[in-house]
Number of protein chains: 2
Amino acid sequence: MLTKHEEIEKFILNGVIKGNYKPDEKVPSENQLAESFSVSRMTARKALDTLVTKGYLYKIKGKGTYVKDRENRDIIYLDEMIGFTKRVRRTGKVPRTDVKAFELIKPSEDIAARLGITTKDDVYYIERIRNIDNEPVILEVTYMPAYISPDLTIDHVQKSKYDYLRAKGHRIEEMVKEYIPVIPESKVREDLSLDKNMTVFKIELISILEDRSIFEYTKLYYNQNKYRFLQITKNTGKSF
Amino acid sequence: MLTKHEEIEKFILNGVIKGNYKPDEKVPSENQLAESFSVSRMTARKALDTLVTKGYLYKIKGKGTYVKDRENRDIIYLDEMIGFTKRVRRTGKVPRTDVKAFELIKPSEDIAARLGITTKDDVYYIERIRNIDNEPVILEVTYMPAYISPDLTIDHVQKSKYDYLRAKGHRIEEMVKEYIPVIPESKVREDLSLDKNMTVFKIELISILEDRSIFEYTKLYYNQNKYRFLQITKNTGKSF
DNA sequence: GAGTGGTCTAGACCACAAT
DNA sequence: TTGTGGTCTAGACCACTCG
């Protein structure tokens, strides 16, 4: 036995999947749904809100509720993040990196612990937004111990952290990544122009150098409205 | 300017982070919050619901709303899924695989397309739940073309698909994985005993053999209540 | 001005858990 | 019986969009 809002959710979702409601077209308004299902507006609203959170719809205040275009999303390959610029160009699209923050700060206890330093050591705080064809795709928040990268400039950050690292004769030996689904806070939501309460894909990672020092602690937020995130693993001989 | 439900959400979240509300202890009830913040119950409720979706709280009908224990989650390494049983034993915990479904079916058009076969070809439909210490951790839904694995039995599935594959002289050449955050449908929710509207981590993958035929299409749902999902990448020489 | 979504209220009835 | 969360109602006011 479905509840009323589940009934409405099912009805709308069905329409989306079957193509009765096409991408970027309106679904019935909250008032229309309330009337046609003989429920209160709050109940109809709950159904639509759930489908927004699940990523099927998006709302525009004053206008209506629309079907999200999930079919025509482009693909981004996760292991190729390092070569973001090059990879995007290869698809004929235009990449751009916006450096939103580049500061020298004292880390919180949590950050210091992750980087294996103390709260008295300096760290770079870096926020970057990766765009493709002027659309924000990835938000990156990075903490880097200053002692490893003493002469880092905003110019390096505008391009590639890893190019800088290589130029300094360092080499990343290991990366530890954690995969986390989240509903982002408002700051992330604004930077990636996401819908409220939309689930998002997050990776937290630590890069470890050849001497076991930690080069960076980075949080990556991926905008799933326009892109799908894939990874290709080739058999190297022993994994499978 | 925060809305009222955001104000309450912030208050509770703060209490959780600061430790005023301890793991598996109650937060104030909806009625208590409604009174102390001078709002209607629906408004207080919305704040708690949001925190459930975000993974900070869980609710038990008739009892109350509780703080989820996120600190003491164990770690599972993603690339080691193949050796699930062995890896879990190594930590001193007890792994178990429940085969919930093992059937020979005709695939839908969507599934057939993903497997590179027709809707007239047979496929195995397999559902498995991976448990650690009797707690469901991973739900796995697999479609396998029968022509590649003609003599597959439930016994093989109880153990390892990949052991079977090796025994047949095959070898997985490549895996294509897609990472997706989702709010699972009720079936998945029940299998993994998840909270309603809780965001979950999902991987869809295709395994490709040396002759480019597709061995499997698999959907994996990871229960993030009890586990964190990490991946370690070692530098093989050219990736970074 | 009419329609939309965003927020909020003050009730109500229910199923469930604990005492 | 009391308290909890789950669902739902029938209103209300607001900010926004568009004609």
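Just the heavy atoms: all of them, side chains too, but no hydrogens, waters or symmetry mates, feed the values below. Chain A is the first sequence line, chain B the second, and so forth, proteins listed ahead of strands; every chain is numbered from 1. These figures come from a predicted structure and were not determined experimentally.
- Spacing between atom NZ of A:Lys4 and atom P of D:dA10 amounts to 9 Å, rounded to whole angstrom units.
- Contact between the side-chain N/O atoms of A:Ser29 and the OP1/OP2 oxygens of C:dT4 is found at a separation under 4.0 Å.
- For A:Met42 and D:dG6, the CE to P distance is 15 Å, given to the nearest whole Å.
- Annotation: cation-pi geometry satisfied between A:Arg70 and A:Tyr56 (NZ/CZ under 6.0 angstrom from ring centroid, within 45° of ring axis).
- Looking at A:Glu9 and A:Lys46, no side-chain N of the basic residue comes within less than 4.0 Å of a carboxylate O on the acidic one, giving no salt bridge.
- For the pair A:Leu51 CG and C:dG5 P, the computed distance is 13 Å after rounding to whole Å.
- Using a 4.0 Å cut-off between a side-chain N of Lys or Arg and a carboxylate O of Asp or Glu, A:Asp195 and A:Arg189 do not qualify as a salt bridge.
- Computed from coordinates, the B:Glu7 CD to C:dG6 C1' distance equals 17 Å when rounded to whole Å.
- In this structure, A:Ser193 and A:Asn225 approach most closely via the heavy-atom pair O-ND2, 4.2 Å.
- Taking 4.0 Å as the cut-off between side-chain N and carboxylate O, A:Asp98 and A:Arg130 do not count as a salt-bridged pair.
- Proximity of A:Gln32 to the phosphate of C:dG3: no side-chain N or O atom is located under 4.0 Å from OP1 or OP2.
- A distance of 9.0 Å separates CD of B:Glu30 from CE of B:Met42, quoted to the nearest 0.5 Å.
- Residue A:Lys26 contributes atom NZ, which lies 13 Å from atom P of D:dT17 at whole-angstrom precision.
- When the P atom of D:dT9 is taken as reference, atom CZ of B:Arg41 falls 15 Å away, rounded to whole Å.
- Rounded to a whole Å, the CZ atom of B:Phe37 is 17 Å from the C1' atom of C:dT7.
- Of the side-chain N and O atoms in B:Arg45, one or more sit less than 4.0 angstrom from OP1 or OP2 of D:dG6.
- One can place NZ of A:Lys196 at 8 Å from C1' of C:dG6, the figure rounded to the nearest angstrom.
- Listed by residue number, B:Lys61, B:Gly62, B:Lys63 are the residues of residues 52-65 of chain B with a heavy-atom contact under 4.0 Å to DNA chain C.
- The pair A:Glu178-B:Arg228 meets the salt-bridge criterion, since a charged nitrogen lies less than 4.0 angstrom from a carboxylate oxygen.
- Look at B:Thr43 and you'll find a side-chain N or O under 4.0 angstrom from OP1 or OP2 of C:dT9.
- Of the residues near DNA chain C, A:Asn31 and B:Lys46, the one whose nearest nucleotide (by heavy atom distance) lies more toward the 5' end is A:Asn31.
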